[in-house]
Number of protein chains: 2
Amino acid sequence: MPRTTVDTRAEIRAAALELFSERGVDATSLREIAERIGITKAALYYHYASKDALLGDLVDPMFVELRELGDELEGRSIDAGDEAQVRAVIERFWELCLRNRAVMRVLIHNPRVVARIELAPRMLHWRERIDGVLVGSDDAADRVRAVVALGGVQDAVVVFGDADLPRIREAAVDAAVRALRM
Amino acid sequence: MPRTTVDTRAEIRAAALELFSERGVDATSLREIAERIGITKAALYYHYASKDALLGDLVDPMFVELRELGDELEGRSIDAGDEAQVRAVIERFWELCLRNRAVMRVLIHNPRVVARIELAPRMLHWRERIDGVLVGSDDAADRVRAVVALGGVQDAVVVFGDADLPRIREAAVDAAVRALRM
DNA sequence: GTCTATAAGGGGATAGAC
DNA sequence: GTCTATCCCCTTATAGAC
């Protein structure tokens, strides 16, 4: 029988994201995803040609947001020495991570899958763009500062993100800003 | 035929760690591990009763090191306000992560497996011990500082650890110490 | 200790009816 | 668009010979 909702593809993505995020990509079968929204695995294949195609569609919105953020920041030409501007950038990054934390979890916890569907270059690319805005240098020591700061923010979002409290955001952004200081 | 080396269990652990770290636990089969050291999957089962038992044995040395570090630091009663002491603790943590970075990778990238074999309580426990030494508080904002600092160090080890350069270590430890400052 | 052989089950993916 | 039925492959794990 036909289903009541219009957008089955969106329902599939929502169910898949939840399961991929909770259990990991490899540990989630297409049967489980299909059953969660009340269709069969074969019906899912009508909407998505493969598991990887579904995953690719799933993570896309976050990359769109990252590209937009990169465009905007580069357009405004941030001064890496101005701490107020740096703080504003980290805050934007925190918000982006928080909004997309399920996708972030999937990407962080499934690096091999990321490599398989060729998301690694995209991840590297946005990371380099934001690093460039924040430290403006290719020097190893500078890139380490950026990794500690942004990596720390990502970790804090994954660990504390479910309680989206202003205090937590403030503490995480503060710590990242200090980590970036030379 | 009998094998030439004495410690087949150690060979199994070494091959498994390499594959688990590179490809992830779920994506690595016991057949692949066995073939890498030239035995069959059935022979591997003689040495380890299950994949989870092998994994548990594999990660154990790192937890032993973490426990020893926790014992030592608590015995010395670090002053969280003394930055030289804090720096020394972060340096010890960096060295530990570097020495065990293959195991660290496995634990970071396979959270569901970690939960399945009941490693999560152990991870939480050492994290809380080291957090306690570094910030000495249960307050959420304090714990966030510790997560950003230690999470940042872990990330930097995973990203830059293969080039074990003093400059990288120094930059990462510096950044973590700054992140911890109030 | 290591082997061959096999059990039992799940995975992704497809064919074709409706 | 969704279904049932099926294919083929790989997995973990065990039994029993050597």
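By convention in this document, chain letters (A, B, ...) are assigned in the order of the sequence lines, proteins followed by strands, and residues within each chain are numbered from 1.
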Side-chain hydrophobic cluster, 4.5 Å single linkage: members besides V158(A): I108(A)

Roughly, in whole Å, what's the span from [atom1] in [X] to [atom2] in [N]?
{"X": "L55(B)", "N": "dT12(D)", "atom1": "CG", "atom2": "P", "value": "13 Å"}
{"X": "D52(A)", "N": "dG11(C)", "atom1": "CG", "atom2": "P", "value": "16 Å"}
{"X": "I39(A)", "N": "dT4(D)", "atom1": "CD1", "atom2": "P", "value": "12 Å"}
{"X": "E35(B)", "N": "dT11(D)", "atom1": "CD", "atom2": "C1'", "value": "13 Å"}
{"X": "I37(A)", "N": "dG1(D)", "atom1": "CD1", "atom2": "P", "value": "13 Å"}
{"X": "L19(A)", "N": "dG11(C)", "atom1": "CG", "atom2": "P", "value": "12 Å"}

Touch class at under 4.0 angstrom, heavy-atom based, for K41(A) against every strand present: base

Is there a side-chain contact between [X] and [Y] (heavy atoms, below 4.5 Å)?
{"X": "R181(B)", "Y": "R178(A)", "answer": "yes"}
{"X": "Y45(A)", "Y": "L30(A)", "answer": "yes"}
{"X": "R76(B)", "Y": "L73(B)", "answer": "yes"}

Output the distance between atom [atom1] ([X]) and atom [atom2] ([Y]), rounded to the nearest 0.5 Å.
{"X": "R145(B)", "Y": "L134(B)", "atom1": "CZ", "atom2": "CG", "result": "9.5 Å"}
{"X": "H125(B)", "Y": "L66(B)", "atom1": "NE2", "atom2": "CG", "result": "11.0 Å"}
{"X": "R36(A)", "Y": "L19(A)", "atom1": "CZ", "atom2": "CG", "result": "4.0 Å"}
{"X": "I33(A)", "Y": "E11(A)", "atom1": "CD1", "atom2": "CD", "result": "13.0 Å"}

Side chain D7(A), main chain A10(A), donor-acceptor under 3.5 Å: yes

Any residue of residues 42-49 of chain A with a heavy atom less than 4.0 Å from an atom of DNA chain C: A42(A), Y45(A)

Selection: residues 22-33 of chain A, any non-hydrogen atom under 4.0 Å of DNA chain C: T28(A), S29(A), L30(A), R31(A)

N or O in side chain of T40(A) less than 4.0 angstrom from dG1(D) OP1/OP2: no

